[in-house]
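Read through the structure below, which is laid out as C-alpha cells, and then see the notes.
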Amino acid sequence: MMANHVQAHNKSWILIDNFEQKNNLVGWTKADTKNDTAPNIPNPQVTEQRSEKLHSKDNTYLIKKPAAENIIGNRKALTYKKLPVQVAVGESYTFYTRINVESFPNNHAFGISNMHPKDIELNDYNAFEPTLRVTDKTESNGLINTGALMVKVEKGYANIVNPVTQKDAKPLIAGVWYQIWYVVNNALLSDNGQTYDVYIQGSDEFPTQTKVYTNATFRMARELPLIYFLMNANTGPKSHPYGNGGVKYDDLYMSKNVNLSKPM
C-alpha cells in the first residue's frame, strides 16, 4: 500500500526539466542583461549541461555560473523557462528542485516569476516572486551572508532555520545535493497569499525532509499567474567582485497543492 501511495503522489508531479536530454537546453533562454565585462565578452554566463556519476549511475544536470573564473562584471546572468502549466491566482503549487553548490564564493537566486520574457529581462531580481538565494557575499551594509539557503522576506532575505536548534541553518556544503520543496500560495494578499513555505533534505544537518521556513513572502506580490522558472547569478561589481562559484540544478518539478513526496 505504501509503495502504491507514493507512486500515486509521484504521478501528480509535472516535469519542468531534468536535463537528461543530452546537449539540449530547449526552452531555456539565457540573457546577460547587465554585461559590464571589459574587454567585453559576449554572453559571458556559463549555463550548460554536465554529467557526473551519482550512486553509480550517470546523472546529467545544469551548471550555472555568472561567468568563467576570473571574469568579472556580469551583473545579471538570467536563465528562464516557461512553466508547463501556470499557477493561477488563488492556486497553490509545490515546486521541487535539487541543487548542489559547486563552490563558494558566489551569488545566486532562483524561483518563480509572473512576468513574460521582455519584462523578466527588464526587471531581473524584481521579476522574481517566490525566491530562494544561495550566497556568501557581503552586503553593502556590511552584513556577511553565510552561504545558508535564504528566502525572501518583507525586508531583504532571511536564512532558513533549523527547527531543532531554533537557529539559522548552517551554510550549504559544496558538493552535496539538497532536495528543496517550496509550497507556493498564489492567493491574493487579502486572502493571506503571496507566500511560500520551504522544506529541505540534505547533509548531516537535514538527513530527512524538514520544514525550515513558514510564510516567506513573494518579492513583489503582483498577484498575477506564475508562469516562468527563473535563475539569476551575479559576479558582483568590478570594484568588489563576489566570485564566480556555480550552482548545479537538477530535477525541476511542480505539483498542484501541497505535495511533499519525491518526484523520482
Side-chain angles (χ1 to χ4, degrees), residues 13-21 24-35 43 45-49 61-66 74-99 107-134 149-152 157 180-189 193-198 216-234 247-257 259 263:
W13 286 104
I14 302 167
L15 178 67
I16 301 170
D17 209 325
N18 60 8
F19 309 106
E20 289 302 324
Q21 296 184 36
N24 187 357
L25 290 179
V26 170
W28 291 95
T29 298
K30 296 184 283 186
D32 298 316
T33 59
K34 192 175 180 183
N35 179 3
N43 310 310
Q45 72 169 281
V46 177
T47 301
E48 61 191 28
Q49 287 171 283
Y61 59 88
L62 181 78
I63 180 71
K64 182 170 175 64
K65 301 159 66 81
N74 195 26
R75 301 300 309 280
K76 303 292 185 292
L78 305 173
T79 309
Y80 55 88
K81 182 179 184 178
K82 191 173 184 179
L83 297 176
V85 296
Q86 72 173 18
V87 181
V89 176
E91 290 186 324
S92 291
Y93 266 75
T94 303
F95 288 85
Y96 175 93
T97 305
R98 291 199 310 126
I99 67 166
N107 185 21
H108 289 261
F110 65 96
I112 313 300
S113 177
N114 47 24
M115 289 189 149
H116 292 276
K118 181 179 178 180
D119 289 324
I120 287 174
E121 295 183 17
L122 286 172
N123 287 272
D124 49 76
Y125 283 106
N126 286 342
F128 281 112
E129 292 290 8
T131 314
L132 293 155
R133 189 186 190 200
V134 179
L149 185 69
M150 306 175 82
V151 300
K152 192 72 184 72
Y157 295 92
I180 304 170
W181 295 256
Y182 33 122
V183 182
V184 172
N185 178 3
N186 199 32
L188 299 173
L189 286 167
Q194 307 295 286
T195 63
Y196 58 108
D197 298 341
V198 180
T217 55
F218 280 24
R219 186 180 181 99
M220 307 303 292
R222 281 177 284 254
E223 300 180 326
L224 294 170
L226 300 169
I227 51 178
Y228 274 85
F229 189 97
L230 172 62
M231 310 165 184
N232 193 5
N234 187 344
V247 170
K248 304 174 185 179
Y249 294 88
D250 204 356
D251 299 317
L252 314 180
Y253 287 85
M254 60 189 295
S255 180
K256 193 168 186 179
N257 301 320
N259 185 349

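One-based numbering along the sequence shown. Bear in mind that the values here come from a model prediction, so they are computed numbers and not experimental data.
Here Phe218 contributes atom CZ and Lys152 contributes atom NZ; the two are 13.0 Å apart, rounded to the nearest 0.5 Å. Note that the CD1 atom of Ile120 and the NZ atom of Lys76 stand 15.0 Å from one another [nearest 0.5 Å]. Between atom CG of residue Asn259 and atom OG1 of residue Thr94 there is a gap of 5.5 Å, rounded to the nearest 0.5 Å. Here the straight-line distance linking atom CG of Asn234 with atom CZ of Arg75 works out to 4.5 Å at 0.5 Å rounding.
The six-membered or imidazole ring of Tyr196 lies away from that of Tyr182, with a centre-to-centre distance of 6.0 Å or more.
Gln45 and Lys65 share no donor-acceptor pair across their side chains, judged by distance under 3.5 Å alone.
Take Asp251 and apply the side chain to side chain contact (heavy atoms under 4.5 Å, CB included) test, not counting sequence neighbours, and it matches Asn18, Tyr96, Arg98, Tyr253, Met264. Every residue was checked against the ring-ring contact (aromatic ring centres under 6.0 Å, His included) condition with Tyr93, not counting sequence neighbours, and none meets it. In terms of the ring-ring contact (aromatic ring centres under 6.0 Å, His included) criterion, residue partners of Tyr249 (sequence neighbours excluded) are, by chain and number, Phe110.
When side chains are defined from C-beta on, Lys30 does not count as touching Asn43, because their heavy atoms never get closer than 4.5 Å. Within the 4.5 Å cutoff, the side chain of Phe95 has heavy atoms near those of the Leu83 side chain. Within the 4.5 Å cutoff, no side-chain heavy atoms of Phe128 are placed close to those of Ser113. A 4.5 Å side-chain heavy-atom check between Met150 and Leu132 finds every atom pair outside the cut-off. Residues Lys248 and Lys64 form no side-chain contact, since every pair of their non-hydrogen atoms from C-beta on lies 4.5 Å or further apart. Between Ile180 and Ile99 the shortest side-chain heavy-atom distance falls below 4.5 Å. Using a 4.5 Å heavy-atom cutoff, the side chains of Met115 and Asn126 are not in contact. Side chains of Tyr80 and Lys82 form no contact here, defined as non-hydrogen atoms less than 4.5 Å apart.
Smallest separation of non-hydrogen atoms from Leu252 and Thr97: CD2-CG2, 3.4 Å. Taking all atoms of both residues into account, the shortest heavy-atom contact from His116 to Tyr228 is CA-CE1, 4.3 Å. Annotation for Asn74 and Pro66: closest pair ND2-O, 2.8 Å, computed over non-hydrogen atoms. When all heavy atoms are compared, the tightest approach of Arg222 to Glu129 is N-OE2, 3.1 Å. The shortest heavy-atom contact between Leu188 and Val89 is CD2-CG1, 3.6 Å. Nearest heavy atom pair, residue Gln194 against residue Ala187, reads NE2-O, 2.8 Å.
For Glu48, the CD atom counts as densely surrounded, since its 6.0 Å shell holds more than 12 non-hydrogen atoms of other residues, nucleotides or ligands.
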Q. Going through the distances and angles, do Leu25 and Gln49 end up as a side chain to side chain contact (heavy atoms under 4.5 Å, CB included)?
A. CA-CA 8 Å; Leu25 290 179; Gln49 287 171 283; 3.7 Å; yes
Q: Decide side chain to side chain contact (heavy atoms under 4.5 Å, CB included) for Ile16 and Met254; before the verdict, give the C-alpha distance in whole Å, the side-chain angles of both, and the deciding distance to 0.1 Å.
A: CA-CA 7 Å; Ile16 301 170; Met254 60 189 295; 4.2 Å; yes
Q. Side chain to side chain contact (heavy atoms under 4.5 Å, CB included) between Leu62 and Thr47: does it pass, once the steps are laid out?
A. CA-CA 7 Å; Leu62 181 78; Thr47 301; 3.7 Å; yes
Q: Would you check, one step at a time, whether the test side chain to side chain contact (heavy atoms under 4.5 Å, CB included) holds for Arg133 with Asn107?
A: CA-CA 8 Å; Arg133 189 186 190 200; Asn107 185 21; 3.6 Å; yes
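Using a 4.0 Å cut-off between charged nitrogen and carboxylate oxygen, Asp17 and Lys81 count as a salt-bridge pair.
Looking only at distances, no side-chain donor or acceptor of Asn185 sits under 3.5 Å from a matching main-chain atom of Thr195. The backbone N or O of Asn257 lies less than 3.5 Å from no partner atom in the side chain of Ser92, so there is not a single donor-acceptor pair. No donor-acceptor pair closer than 3.5 Å links the side chain of Glu121 to the backbone N or O of Lys118.
No option in Leu226, Thr131, Val87, Asn186 other than Leu226 meets the side-chain contact (heavy atoms from CB on, under 4.5 Å) test with Ile112.
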